[in-house]
Amino acid sequence: MEMVPSEENQLVPKEIENAAEEPRVLCIVQDTTNAKTVNERLTLNLPASTTLSKLFEDVAHKASYVNGTFDLAWGKTGDMGSLDPSSEMSLTESGFEPGKRNFLQLTDKDGEQPQIASDESGTAGSSGLDDSSQERFIGPLPRDGTVGCSSDYSSPSYSYSSILNKSDTGYVGLVNQAMTCYLNSLLQTLFMTPEFRNALYNWEFEESEEDPVTSIPYQLQRLFLLLQTSKKRAIETTDVTRSFGWDSSEAWQQHDVQELCRVMFDALEQKWKQTEQADLINQLYQGKLKDYVRCLECGYESWRIDTYLDIPLVIRPFGASQAYSSVEEALQAFVQPETLDGANQYFCERCKKKCDARKGLRFLHFPYLLTLQLKRFDFDYTTMHRIKLNDRMSFPEELDMGPFIDVEDEKSPQTESCTDSGAENEGSCHSDQMSNDFSADDGVDEGICLDSASSTERVLKPKSSLTFELFSVMVHSGSAAGGHYYACIKSFSDGQWYSFNDQHVSKITQEDIRKTYGGSSGSRGYYSSAFASSTNAYMLIYRLKDPSRNAKYLDCDDFPEHIKHLVQREKESEEQEKRQREIERNTCKIKLFCMHPVKTMALMENKLEVHKDKTLREATEMAYKLMELDGVVPLDCCRLVKYDEFHEYLERSYEGEDDTPMGLLLGGVKSSYMFDLLLETRRPEQIFQPYKPGEVMVKVHVVDLKTDTIAPPVSIRAYLNQSITEFKQLIAQATELSAETMRVVLERCYNDLRLLYVPNKTLKAEGFFRSNKVFVESSESPDHQVTFTDSLLWKLLDRHGNTIRLFVSLPVQSPGTNRTICPKVGGDTEECSEGSKGNRNSVEAILEESTEKLKNLSLQQQQGSSTSDSQKSSDTSDFEHIESPSPSQEPDSSVSAVVAVDNRELENRIRAASGGSGGGTYSDPETQFPGEERSDSEVNNDRSTSSVDSDILSSSHSSDTLCNADSGPIQLANGLDSHSITSSRRSKANEGKKETWDTAEEDSGTDSEYDENGKSKAESYYLYFRAEPYAQEDGSGEGGQKCVLVHVDKRITLSAFKQNLEPFVGVTSTQFKVFRVYANNQEFESVRLNETLSSFSDDNKVTIRLGRALKKGEYRVKVYQLLVNDAEPCKFLVDTVFAKGMTVKQSKEELMPQLKDQCKLDLNIDKFRLRKKTWKNPGTVFLDYHVYEEDINISSNWEVFLEVLDGPEKMKSMSQLAVLTRRWTPAQMKLEPFQEVVLESSSVEELKEKLSEISGIPLENLEFAKGRGTFPCDISVLEIHQDLDWNPKVSTLNVWPLYICDDGAVVFYRDSTEEPMEQSEDERNELMKKESSRLLKTGHRVSYSPRKEKALKIYLDGGPVKDPGQD
């Protein structure tokens, strides 16, 4: 680097001397380490030669941080890559772009927040600030170096902007796995409980007895140690949840924190059995209370003792509009006895009769740690939804529980019946027995002493003060449907309150605690809870104030030995993680490609992860092993080059840079690169071609017109400013062709061929880009003189660009084994004579002969051309040996011509052997196969929608159907001549013809395969088709399944494609169907004969199935049975064919034998009807005289309902309206079965009269409502009475809000004087469960459907036991 003297006579780099002239790099830095600064941006405009280390210094100065205590990473990317703070690389070398905005993020270093730099005003913790300013100032110093003056706690709304640095709070947060905030709140509370934390530390894990991964106490111990000793901002809880036996799905389940507390305490008690901690939970959290009933006449009392871990306090009494204002008031209500009188009188054992009594609860013993649960979640029986009560309930910082201890208001020496749930003393006992029992049981009683002063009088007095201090408030923010938990906890070491909100820990004040009382600032009366804040206290934990028992947190020096060893192991693990992160931060991760010379000729992809300090030579060796080239290619025959996979472009090679670090070659460590790497290989005798930046890559395919072949590509590199003449000379050197006679054709995009004929035009002007494909031909043939689009070269290239390869599976059943059916005059069928059997034998012989010929041709192809390849692959530029499309060429110049001619010859021989076109078995359009094959989509007959091929959906006509290869009158399925059916209506139809998709005869999309002269349209323009036998790799082709590999021009129509397949299927194209197989092995029938194969692509699979194809004017129809009163009202019956011009009655006649054969339904023609089917909804009833495509619109893959009638058909004309009605009887909470009502008009009055007639409800009391949703419009009986729009004020049915204009509408009706049945709460709940179950089974909407919460379980054996049959 050249040095020049500066103004201070010091030598400085010349680049810095000329810094004003060099480009500048704009860096925009976002500080993500602090909530206050996350929305701020630091802007630096630096010279491009600035080093990365200098960038870190400048950022540290600007952000007032100590350099080296933070990281910088690339922003605006999903996976941030960090920058190296010690690198001396310039900004441009590191990937920064001059003149553009470069986004960076300032992040924590190794999980620790940046240290604030000291300046004249001092730090937040120095003596330069008083206590008040120290509390208010949070985060890094302001950019001007002065202390901030705004208070974080003066904000009117509770926020978390007061996030402190870890070093200020001294506490570590917990990472929320997804929805584990409830777990984090409880864990932080337990951690901040000295007695629980110290007891957990005193427990020693025996690794020989249990797996550490599944040990809950051990994982809690590790977590608490990390919370106490880690330098990270937040730590993960995954090890703890794994010990619970939870998988990742549990992280997405919301649970109640009180429920978790109970379940986790149970699990700890189980794990701590037979240890010193066996009774820890009970010692700390368990209290006792008495549940009693006392007779008010004789004073006799019956009671039992219960234990509790928390006290549930009601927020708002049932049925009340006002909530309790404080915890003390709720506690008073908790112990307030109720009087049992009237119908609720209590049967007294002493009085031997029902007497008035008093029932209630009395606290006998309070635990050392008192847990209060505020019951904010309730159930609203009006709306039948869970709700959250956000009413205000205050709670004191110090709670005196003395007034709530058991002091009898009626002292009496009467005997009492007692039952202790914790001991075995049932029956009668005196009060002195009870007190003696408890004084013995609670010898070490925390807070209560039960002294037996007298045998006749019980005296209960506090052993010490029952004052509890609040230290944890678990807050819920949200609704009953879901929300967020966090904990406000007071530290017993300094008395400061902190907010533990997942990974964020911050100081808070008493004012913030008061904001968790709930309620709203204003008074809204009854609706106060609805408008109150949704952030309020849910669980409160108090500790008894007892200096003799109040513990302090254990310091690290006082840890037991086993804990000290655990701390050391965790530190080592953390150091290992830190080293691993450092390696990750300096690792370049980039896509690697390689053309493996042996495994596959396709481009292999992998990911190369290499340290930025590794050299290119070392990276090449790593890539060599990664691509498994060892033993295949020598290492010195491989090199890494810069590659653009999208454009298949080799950007540059790295000659002479074997010892250059990869970080420098790749432009630094980045999360993603705009380029890739290619591991290039060569043969030992070859040499690598240097690739220079700025070159373009060209794949050159040499075309040989004599053999009609196109060679695999040869790659050459050219410059965009080269002329066409220079480019031809370059190609001539690479291919040894003559440049003078050379024709060069550029394929600019798919099948866009451009002849390059202007000598002086540059490649750039011709449209060359990074990667290009050209075809070259150099010969003396007269084809040069022909216009390019008429030349043989263009035809060959055009065919090459449009040829695709298809794998065609032929029917398993060979043609000769089918039982052939011959048509009778009347349309019935019978078995053919012996003569036809002979014909079948001759057909089999022809097919065998054709198979042998195909094999021979395949061998000729292999021997005849070394450049031929039967399989297309991407490395040969999607190309293969393609034969001439012209049948008139010489036989030896094109094998496909012979195949094409042989195919037609074979077809003719089959037809001749089958008896000609008149009554032949295979050529006759009426031929049907008894065992007609069905596709997967047809077999799956419970589907309510038909499978339609994608090329149908892309069509503008929905009525397109397959047609028959006939030129005479259309022979319909019922044997009638189409002319005889339609001639009487044709003139009428043509008079006022409507050009719509369903009525336009000329535009129905059912094009014939033959032209007016009866000649096949496929023959008028021959498109390339070549087929050869193919053995499937997976062996599935064995056992009778035949496959052919077809190379075909995708511009061929489906009709011509089927005709070309005839020799291989063995039947005419009208007797088989074509199914396209998609990636998930679903098959969809291709039905439009006039559509091309343009939607098909290379290597698509096609399945051929035997079965009669549709004729012109015919439509395939799926018939479903409509069962209005069944749980599943839509049942698939049969597939059938309807024809244009056929009447509904004729189609019913066609259906009857099918229904009898396939569905065992023996129906009378007058006992069933057909009707429109729209999804699952029944629609228009079709009358017997209706004609398809005249009265009824019909389309391809149509669906109809068949409905069996109870009596004669009531529908006689189209003016009538058939409505499905259903009675609702509130007194029985029941819906009656459906009944059909046929109306003569759309009058509401007529509907009500008909309903009154069938139900007996007086007309003035009858109310009706239209059903909602799809048929059968199911609705819960708990909702129908209120939810539907009963008795709409309209006079006709076809107006808003009814819009009943077609048959099949659902109408509910009821008697307005009938009241709903009265139900108890249990009966209502039971009915609600039944209704939910019923509606879920039918797939209909359930209005009240509470979120299905997974039960919270902790598994002591490491995980749930899965049912082997579950998967």
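Nothing fancy with the numbering, it's 1 onward along the sequence.
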Task: Non-neighbouring partners of Asn1294 that pass side-chain hydrogen bond (donor to acceptor under 3.5 Å, both in side chains), sequence neighbours left out - done: Thr1292
Task: Electrostatic pair Asp1283:Arg1268 at N-O distance under 4.0 angstrom - done: no
- [ ] To the nearest 0.5 Å, tell me how far Ile1275 CD1 sits from Phe1308 CZ.
- [x] 6.5 Å
Task: Criterion side chain to side chain contact (heavy atoms under 4.5 Å, CB included) on Leu1170 and Ser1147, from CA distance to verdict - done: CA-CA 9 Å; Leu1170 299 180; Ser1147 64; 3.7 Å; yes
Open item on the list: Whether the side chain of Gln1121 engages the backbone of Leu1133 through a donor-acceptor N/O pair (distance < 3.5 Å, no angle test) should be reported.
Closed with: no
Task: Test item: Lys1042 and Ser809 side chains (from C-beta on) under 4.5 Å apart, heavy atoms - done: no
TODO: Look at the side chain of Arg1222 and the backbone N and O of Phe1234, then say whether any donor-acceptor pair between them is shorter than 3.5 Å.
DONE: no
Open item on the list: Taking Lys1118 first and then Glu1199, would you say they form a salt bridge - that is, a charged N and a carboxylate O separated by under 4.0 Å?
Closed with: no
Task: Heavy-atom closest pair, residues Arg1223 and Ser1255 - done: NH1-O, 3.5 Å
TODO: Report yes if the side chains of Val1200 and Arg1171 come closer than 4.5 Å at any heavy-atom pair, otherwise no.
DONE: no
TODO: Without swapping roles, check the side chain of Ser1333 against the backbone of Lys1330 for a donor-acceptor pair under 3.5 Å.
DONE: no
Open item on the list: Between Lys1230 and Thr1225, is there a side-chain heavy-atom distance shorter than 4.5 Å?
Closed with: yes
Open item on the list: Measuring only between side-chain heavy atoms, which start at C-beta, is Leu810 closer than 4.5 Å to Val1044?
Closed with: yes
TODO: Scan for side chain to side chain donor-acceptor pair (under 3.5 Å) pairs involving residues 1297-1309, sequence neighbours excluded, and state none if there are none.
DONE: Thr1180-Asp1302
Open item on the list: I'd like to check Lys1145 versus Ile1165 (side-chain heavy atoms, cut-off strictly below 4.5 Å). Are they in contact?
Closed with: yes
Open item on the list: Ignoring hydrogens and geometry beyond distance, is a side-chain donor-acceptor pair present between Thr1092 and Ser1094 at under 3.5 Å?
Closed with: yes
Task: Minimum heavy-atom distance between Val1144 and Phe1182, given as atom pair plus value - done: CG2-CB, 3.9 Å
TODO: Check for a donor-acceptor pair, side chain of Glu1331 on one end and backbone N or O of Met1328 on the other, with a separation under 3.5 Å.
DONE: no
- [ ] List for me each residue that meets side-chain hydrogen bond (donor to acceptor under 3.5 Å, both in side chains) alongside Lys1148, sequence neighbours excluded, and say none if there are none.
- [x] Asp1184
Open item on the list: Does the Lys NZ or Arg CZ of Lys1248 fall within the cation-pi geometry relative to Phe1264 - under 6.0 Å from the ring centre and within 45° of the axis?
Closed with: no
Task: Side chain Glu1085, main chain Arg1076, donor-acceptor under 3.5 Å - done: no
Task: Donor-acceptor contact below 3.5 Å, side chain Ser1243 vs main chain Glu1246 - done: yes
- [ ] To the nearest 0.5 Å, tell me how far Leu1293 CG sits from Leu1239 CG.
- [x] 6.5 Å
Task: Ion pair Glu1083/Arg1105, N-O distance below 4.0 Å - done: yes
- [ ] Could you tell me how the ring of Tyr1188 sits relative to the ring of Phe1138: parallel (under 30°), tilted (30 to 60°) or perpendicular (over 60°)?
- [x] parallel
TODO: Kindly give the heavy-atom pair with the smallest separation between Pro1129 and Phe1271, and that separation in Å.
DONE: CB-CE2, 3.8 Å
Open item on the list: Is it the case that the side chain of Gln1154 and the backbone of Leu1151 share a donor-acceptor pair, with hydrogens and angles ignored and the cut-off at 3.5 Å?
Closed with: no
Open item on the list: Contact between Val1307 and Leu1220 at the side-chain level, heavy atoms closer than 4.5 Å - yes or no?
Closed with: no
Open item on the list: Could you check whether any side-chain N or O of Asn1100 sits under 3.5 Å from a backbone N or O of Ser1097, counting only pairs where one atom can act as donor and the other as acceptor?
Closed with: yes
Open item on the list: Check whether Thr1174 reaches the backbone of Asn1177 with its side chain - one donor and one acceptor, N or O, closer than 3.5 Å.
Closed with: no
TODO: Given side chain to side chain contact (heavy atoms under 4.5 Å, CB included), test Trp1224 with Glu1232 step by step and report yes or no.
DONE: CA-CA 6 Å; Trp1224 157 241; Glu1232 303 291 344; over 6 Å; no
Task: All ring-ring contact (aromatic ring centres under 6.0 Å, His included) counterparts of Phe1201, not counting sequence neighbours - done: none
Open item on the list: Tell me the closest heavy-atom pair linking Arg1334 and Ser1276, and the distance in Å.
Closed with: NH2-CA, 4.3 Å
Open item on the list: Whether the side chain of Lys1058 engages the backbone of Ser1069 through a donor-acceptor N/O pair (distance < 3.5 Å, no angle test) should be reported.
Closed with: yes
Open item on the list: Asp1166: which residues meet the side-chain contact (heavy atoms from CB on, under 4.5 Å) condition with it, sequence neighbours left out?
Closed with: Asn1164
Task: Test: Lys1131 cationic atom under 6.0 Å from Tyr1120 six-membered ring centre, within 45° of axis - done: no
Open item on the list: Using every non-hydrogen atom in the two residues, find where Leu1284 and Ala1265 come nearest and quote the distance to one decimal.
Closed with: CB-CB, 3.9 Å
Open item on the list: I'd like to check Lys1250 versus Ser1252 (side-chain heavy atoms, cut-off strictly below 4.5 Å). Are they in contact?
Closed with: no
Open item on the list: In the structure I gave you, are the side-chain heavy atoms of Val1067 and Leu1106 within less than 4.5 Å of one another anywhere?
Closed with: yes
TODO: Examine Phe1075 together with Phe1084 and report whether their ring centres are nearer than 6.0 Å.
DONE: no
Open item on the list: Between Glu1190 and Lys1140, does any NZ, NE, NH1 or NH2 come within less than 4.0 Å of an OD or OE carboxylate oxygen?
Closed with: no
Task: Contacts of Arg1169 that satisfy side-chain hydrogen bond (donor to acceptor under 3.5 Å, both in side chains) - sequence neighbours left out - done: Glu1203, Glu1209, Glu1236
